[in-house]
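Below: the structure, in structure tokens.
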Amino acid sequence: MTTPRISRHRLRRSLLSVAAAGAALAFATPAGAADLGTGLPPGPAAARAATPAQSAAGWAAGTRSYLVITAPGDTSAARNAVTANGGSVFAHYDAIGVVVAHSASAGFATAMRSVTGVQKVGATRTSDVPADAYSPTLPSAPPQSATTLTETARWDMTRIKADKAWAVSTGSPSVTVGVLDTGVDDRHQDIAPNFDAANSLSCAYGKADTRAGAWRDVGTHGTHVAGTVAAAKNGRGVVGVAPGVKIASVRIAEPGTSMFFAENTICGFMWAGDRGFDVTNNSYYTDPWMFNCPDDPDQAAIIEGVSRAQEYAEGKGSLQVAAAGNSNYDLANKRTDSSSPNDSTPVNRTITNACVDIPTELPGVVTVAAMGNGNIKASYSNLGRDVIDVAAPGGDGAYGVYSTLPGGKYGNMNGTSMASPHVAGVAALLKSADPAATPAELRARLGTQATDIACPSDSRCTGTTAKNAFFGEGQVDALKAIGGTVPQPGPYFENTADVTVADNATVESPITVTGVTGNAPAALKVGVDIKHTYRGDLVLSLVAPDGTVYALEDFADRDSGDDVVQTYTVDASSETASGTWKLRVRDTATQDTGRIDTWNLTF
């Protein structure tokens with residue numbers, strides 16, 4: 001079975017496999033007094049617009065969305081001009097001087113650009129605004145499935161030493177990471193314990209929708225990202241980089257298309273600032289342009305509007321972390337773009353470095369490249385000297401990033417979308433360790449604490465080991481973020497004898513432990529290296545000397561990846577250390593076979 005190739009998409013990811021797991025959990029509804037004039041929560045930059053429940057009767061075919069940029073403070077003159085020139089005000093953000101306007105008039109932008117006090121005007125899309133914008137449908141709440149999966153220290157977490165960081169700190173519940181994405185399944189068993197419903201919403205179409213459940217996933221991407229940031233350390237499923245912090249969902253993707261237009265991103269950043277988010281993760285680019293060029297009046301308005309919103313959020317204490325993109329493209333050497341606009345018919349464009357990927361290349365944003373399992377750039381990851389800030393595991397080939405999916409499920413995805421939330425999680429640990437740290441200080445520490453990665457033999461990787469086009473300042477380090485050090489390993493035992501794993505068979509490989517007194521540790525490390533095609537056939541267990549069986553992993557039936565190279569952590573503190581331990585491997589299907597190549601125990 002083959003897996004899909006990674007391709008460039010506004011969602012910076014590629015789905016590889018999905019596993020069912022989970023249990024239904026209750027969720028909280030948003031709390032807090034509403035703004036009496038709009039029905040929206042209070043806040044200095046809340047979008048002043050009609051509530052999402054208004055009738056779709058206000059919609060007309062041909063309606064387009066525009067950003068009208070004016071001086072920050074009071075947008076009333078610009079709003080009056082919108083109405084006078086055949087438009088309507090959908091939302092407005094006075095603190096940054098941005099009005100989101102709708103109009104079906106072909107001459108609306110030209111007319112508005114001649115209005116005194118209006119600085120820029122630009123269409124945010126080349127397609128019509130959906131009728132759903134005027135009466136948004138709430139996303140469904142998917143039924144939850146139970147899981148038999150137990151937590152393990154997966155390859156991506158061990159790469160950034162998150163598994164070692166958890167022994168020191170899992171992060172503070174006073175730290176909030178906003179996931180600006182397709183939404184989040186708040187009822188997932190690994191998300192619910194850390195989910196902040198009161199600070200979650202939808203910003204689809206560019207206006208705050210705080211109805212309960214509006215934040216839910218209209219795809220799978222956002223839930224996967226959220227799990228990487230802060231899936232709970234609860235003994236089942238997976239563990240996020242910072243499993244002690246809070247997650248808030250800011251859905252900026254529109255249903256049906258999963259597109260992220262500029263007004264949606266602006267709404268999300270303003271919400272992040274007003275709600276005091278410490279970090280946001282942004283694994284997308286702002287549709288419909290992969291790169292926005294300042295010499296185009298529409299794109300110039302998009303650049304200005306989103307830039308102001310990001311600066312606002314940063315000024316309120318929020319650090320934005322963003323994925324670099326999945327096109328293996330040199331962001332420091334831009335020449336062409338043939339994928340934009342992606343909401344209508346793409347055209348071939350000649351571009352320059354003045355054209356920017358938003359929000360990835362905005363000042364103050366942490367730009368994240370993806371790595372495979374090793375000191376290697378992921379094959380798809382964008383690059384760019386002095387553009388890439390840091391790198392993190394994003395998966396590549398057989399090594400996907402395993403995380404949460406809607407409905408209590410789990411699965412692998414690859415992409416810079418998966419790398420970015422690793423960095424957002426490390427930033428959350430940094431903020432937990434130093435609550436007074438500013439976004440600029442967090443950004444600097446991510447780089448200075450990163451592990452330097454030298455360039456491979458690739459002429460595109462320019463720079464030094466300390467900072468280069470592929471990895472920026474290096475791979476982030478969660479252990480350094482919380483001020484920890486790598487503990488000295490305990491006694492180590494290994495079995496390197498091959499054991500054949502046949503179809504529909506169960507085999508065991510023994511290790512005899514001697515010279516270790518007392519009980520085994522609460523964090524017994526079980527290192528496994530199994531060569532086997534289609535690992536979805538496998539179920540792995542550790543058998544203690546007294547016969548007690550500890551489940552390591554029951555791979556999803558649809559996991560078509562090859563081999564298992566993984567270190568599991570087992571609480572074996574009730575077991576006597578000395579004696580014969582066994583790795584048990586069960587093959588549950590036909591066609592694919594393999595062998596236990598080697599395995600080990602570290603006490």
Side-chain angles (χ1 to χ4, degrees), residues 1 3-4 11-27 139-157 179 181-195 200 213 215-241 243 247 249 251 253 255 258 281 283 394-395 398-415 417-418 421-422 425 534-540 551-561 564 566 588-589:
M1 184 180 293
T3 57
L11 293 177
R12 291 180 161 159
R13 61 92 174 101
S14 177
L15 179 62
L16 297 184
S17 62
V18 179
L25 295 172
F27 63 95
S140 61
Q144 303 294 310
S145 302
T147 183
T148 59
L149 297 172
T150 55
E151 290 175 349
T152 60
R154 307 196 68 85
W155 74 268
D156 54 316
M157 297 299 168
V179 177
D181 215 291
T182 61
V184 174
D185 180 4
D186 55 298
R187 303 195 309 159
H188 192 292
Q189 62 181 342
D190 260 330
I191 300 294
N194 292 332
F195 191 77
S200 296
W215 58 71
R216 292 207 174 104
D217 211 330
V218 295
T220 59
H221 192 266
T223 300
H224 192 280
V225 165
T228 299
V229 174
K233 198 173 190 301
N234 55 9
R236 57 184 182 266
V238 297
V239 188
V241 176
I247 302 166
S249 172
R251 178 168 67 84
S258 285
N281 186 81
S283 291
Y399 292 95
V401 173
Y402 196 72
S403 187
T404 48
L405 295 173
K409 299 176 183 178
Y410 300 84
N412 287 310
M413 291 187 185
N414 289 354
S417 279
M418 285 59 256
H422 286 86
Y534 205 91
R535 61 173 170 250
D537 293 353
L538 300 180
V539 179
L540 310 184
L552 298 179
E553 187 153 9
D554 182 350
F555 286 92
D557 291 342
R558 292 175 57 189
D559 188 342
S560 59
V564 182
Q566 180 68 46
T588 63

With heavy-atom distances below 4.5 Å as the criterion, would you say the side chains of [X] and [Y] are in contact?
X: Val539; Y: Thr588; value: yes
X: Val218; Y: Ser258; value: yes
X: Tyr399; Y: Asn414; value: no
X: Asp181; Y: His224; value: no
X: Arg251; Y: Thr182; value: no
X: Arg535; Y: Gln566; value: no
X: His422; Y: Val229; value: no
X: Met413; Y: Thr220; value: yes

Give a yes or no on whether the backbone of [Y] and the side-chain of [X] come within a donor-acceptor separation of less than 3.5 Å.
X: Glu151; Y: Gly237; value: no
X: Thr147; Y: Leu149; value: yes
X: Trp155; Y: Gly400; value: yes
X: Arg187; Y: Gly407; value: no
X: Ser560; Y: Tyr534; value: no

Taking every non-hydrogen atom, the tightest pair across [X] and [Y]:
X: Ser249; Y: Ser200; answer: N-OG, 2.9 Å
X: Pro406; Y: Gly219; answer: CG-O, 3.5 Å
X: Ser417; Y: Ser283; answer: O-OG, 3.0 Å

### Query
Going through the distances and angles, do Ile247 and Ile191 end up as a side-chain contact (heavy atoms from CB on, under 4.5 Å)?
CA-CA 8 Å; Ile247 302 166; Ile191 300 294; 4.3 Å; yes
### Message
Please report the interatomic distance CG(Asp217) to CG(Asp186), rounded to the nearest 0.5 Å.
### Response
10.5 Å
### Query
Atom CE in Met157, atom OG1 in Thr152: separation rounded to 0.5 Å?
10.0 Å
### Task
Decide yes or no on side-chain contact (heavy atoms from CB on, under 4.5 Å) for Val564 and Leu540, but give the supporting numbers first.
CA-CA 10 Å; Val564 182; Leu540 310 184; 4.0 Å; yes
### Query
Strictly under 6.0 Å, is that where the ring centroids of His188 and Tyr410 end up?
yes
### Message
For Phe195 and Trp215, take the angle between the two ring planes, folded into 0 to 90°, and tell me which bin it lands in: parallel under 30, tilted 30 to 60, perpendicular over 60.
### Response
tilted
### Task
Apply side-chain contact (heavy atoms from CB on, under 4.5 Å) to the pair Thr228 and Ser403, showing each step before the final yes or no.
CA-CA 6 Å; Thr228 299; Ser403 187; 3.5 Å; yes
### Message
For Asp190, run the side-chain hydrogen bond (donor to acceptor under 3.5 Å, both in side chains) check against Thr223, Thr404, Asn234 and tell me which one passes.
### Response
Asn234
### Query
If you measure from the Lys or Arg side-chain nitrogens to the Asp or Glu carboxylate oxygens, is any gap between Glu553 and Arg154 under 4.0 Å?
yes
#### Entry: Side-chain ion pair, Asp185 and Arg216, N-O less than 4.0 Å
no
